[in-house]
Amino acid sequence: MRKHASTLAILLAIVALFAVAMVLGTRQSTGDGETFIGTDSAATTHIEENHPGYTPWFQPIFEPSSGEVESGLFALQAALGAGALGFVLGTMRERRRQRRSAADDSSRPVSDPEPACDAAELQSRG
């Protein structure tokens, strides 16, 4: 019961965190009509406004041909990250389950080993 209460509290905290972020995020706008922009775009806009003569140190090695390709690569990156995170969490859970199972097996009393043969078999052998 205590475990379920703490899980529920964590889930409610996550939902509240997202709700607050959504409410605060909709109040801030860039003026371009976009309410959700990335930090790269926000940083670029800030630099261009405050330092108009700024020249970048280097150019990107690869620049996607369109916004759709860029979004697709970003989605691929997110999917690979989610897959890696899921794999790590699943592996950790399985290891913990196996450790608990091994600990439970070692704490059980060892029963008497079965005899190699029972009395009826010994009588039949003579």
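Positions are given from 1, in the same order as the sequence printed here. Note that the structure is predicted; figures quoted are calculated from it, not measured.
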Hydrophobic cluster identity match, Ile47 and Phe58, side-chain contacts under 4.5 Å: yes
At what distance, to the nearest 0.5 angstrom, does CD of Gln59 lie from CD1 of Ile61? 11.5 Å
Counting C-beta onward and ignoring hydrogens, is there a side-chain heavy-atom pair between Arg97 and Glu94 closer than 4.5 Å? yes
In this structure, CZ of Arg99 is separated from OG of Ser101 (nearest 0.5 Å) by 12.5 Å
Can you establish whether the number of heavy atoms outside Phe87 located under 6.0 Å from its atom CZ is more than 12? no
Excluding Ile14, membership of its hydrophobic cluster (Ile, Leu, Val, Met, Phe, Trp, Tyr; side-chain heavy atoms within less than 4.5 Å) reads Ile10, Phe18
Taking CD in Glu63 as the centre, count heavy atoms belonging to other residues, nucleotides or ligands within less than 6.0 Å. Is the count above 12? no
Show your reasoning for whether side-chain contact (heavy atoms from CB on, under 4.5 Å) applies to Leu80 and Leu76. CA-CA 6 Å; Leu80 289 174; Leu76 179 65; 4.2 Å; yes
Any chance you could measure Leu17, atom CG, to Leu12, atom CG, to the nearest 0.5 Å? 12.5 Å
Any chance you could lay out the side-chain contact (heavy atoms from CB on, under 4.5 Å) test for Leu89 and Arg93, step after step, and finish with the verdict? CA-CA 6 Å; Leu89 290 177; Arg93 181 176 182 197; over 6 Å; no
In terms of heavy-atom contacts, Ser107 and Asp104 come closest through OG-O, 3.0 Å
